[in-house]
Amino acid sequence: QVQLVESGGGLVQAGGSLRLSCAASGRSSYAMGWFRQAPGTEREFVAAISWSGRNTAYVDSVKGRFTISRDNAKNTVSLQMNSLKPEDTAEYYCAARATYGSGTASRIYEYDYWGPGTQVTVSS
């Protein structure tokens, strides 16, 4: 089993930056990702990274602004968010897969473990 805990959320003005971190415990994780959900919307994919860290994927709306990375020695994954926009406001969730697979995963059903979430609010 894997337990995930996100941190780093908060309030920031448009154009600012935040760095989210996700600490995994219990066992090693394979591919990991970040999702977000705004009030009244469905949870959506944001970014993903393969176990090796050599492959990453992003939703089009955050490309060039967000960067996902991982440190397998510490069993953590991070999401650096720059040039934040009000539309980035959401609850951000860290997710991990229980089985090995090459590449990245961008679908909710591909993930087995989820953190409780951390709120990101971007004001104008």
Side-chain angles (χ1 to χ4, degrees):
Q1 295 184 0
V2 174
Q3 293 81 46
L4 306 174
V5 180
E6 304 95 339
S7 63
L11 175 65
V12 65
Q13 290 186 314
S17 299
L18 283 174
R19 182 176 182 272
L20 305 183
S21 295
C22 175
S25 62
R27 58 160 289 177
S28 298
S29 299
Y30 295 106
M32 299 185 70
W34 288 93
F35 291 74
R36 66 187 180 187
Q37 185 171 19
T41 70
E42 296 183 344
R43 189 170 299 186
E44 69 168 345
F45 167 77
V46 177
I49 189 167
S50 63
W51 184 90
S52 68
R54 292 191 291 270
N55 297 296
T56 59
Y58 302 89
V59 66
D60 287 345
S61 61
V62 308
K63 288 181 178 178
R65 300 189 297 120
F66 291 11
T67 302
I68 188 171
S69 61
R70 69 188 299 164
D71 185 340
N72 287 353
K74 297 181 179 179
N75 206 16
T76 59
V77 63
S78 299
L79 185 68
Q80 179 66 46
M81 305 185 295
N82 298 326
S83 301
L84 283 163
K85 305 174 181 179
E87 50 263 46
D88 294 318
T89 295
E91 187 84 0
Y92 283 71
Y93 299 89
C94 176
R97 298 197 69 188
T99 57
Y100 175 80
S102 62
T104 59
S106 61
R107 304 288 187 175
I108 292 175
Y109 65 80
E110 294 181 285
Y111 290 88
D112 303 286
Y113 304 102
W114 296 84
T118 185
Q119 179 67 35
V120 172
T121 302
V122 184
S123 65
S124 300

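Counting begins at 1 with the first residue of the sequence.
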Atom pair OG1/CD of T104 and E110 - distance to nearest 0.5 Å: 8.5 Å
Pairwise disulfide (SG to SG under 2.5 Å) hits with a residue in residues 26-81, at least two apart: none
Minimal non-hydrogen separation, F45 against A105, with atom names: CE1-O, 3.7 Å
Which atom of Y111 lies closest to which atom of A31, heavy atoms considered: CE2-O, 4.0 Å
Closest non-hydrogen atom pair between S50 and G103, with its separation: CB-O, 3.2 Å
Connected via hydrophobic side-chain network under 4.5 Å: W51 and I49: no
Worked verdict on L20 versus E6 for side-chain contact (heavy atoms from CB on, under 4.5 Å): CA-CA 7 Å; L20 305 183; E6 304 95 339; over 6 Å; no
ILVMFWY network linking Y113 to V77, side-chain heavy atoms under 4.5 angstrom: yes
Closest approach of A47 to L79 (non-hydrogen atoms, all atoms of both residues): CB-CD1, 4.0 Å
Intermediate values then yes/no, side-chain contact (heavy atoms from CB on, under 4.5 Å), I108 and W114: CA-CA 10 Å; I108 292 175; W114 296 84; 3.7 Å; yes
Any donor-acceptor N/O pair, D71 side chain to T76 backbone, under 3.5 Å: no
side-chain hydrogen bond (donor to acceptor under 3.5 Å, both in side chains) partners of residues 82-102, not counting sequence neighbours, each pair once: S17-N82, R36-D88, R36-Y92, R65-D88, Q80-N82
Criterion side-chain contact (heavy atoms from CB on, under 4.5 Å) on F66 and W34, from CA distance to verdict: CA-CA 11 Å; F66 291 11; W34 288 93; over 6 Å; no
side-chain contact (heavy atoms from CB on, under 4.5 Å) between R70 and I68, worked out: CA-CA 7 Å; R70 69 188 299 164; I68 188 171; over 6 Å; no
Minimal non-hydrogen separation, Q119 against A90, with atom names: NE2-O, 3.5 Å
Sequence neighbours excluded, every pair satisfying disulfide (SG to SG under 2.5 Å) that has a member inside residues 10-105: C22-C94
ILVMFWY cluster, Y30 and M32 together (side-chain gap under 4.5 Å): no
Which atom of A96 lies closest to which atom of L4, heavy atoms considered: N-CD1, 3.8 Å
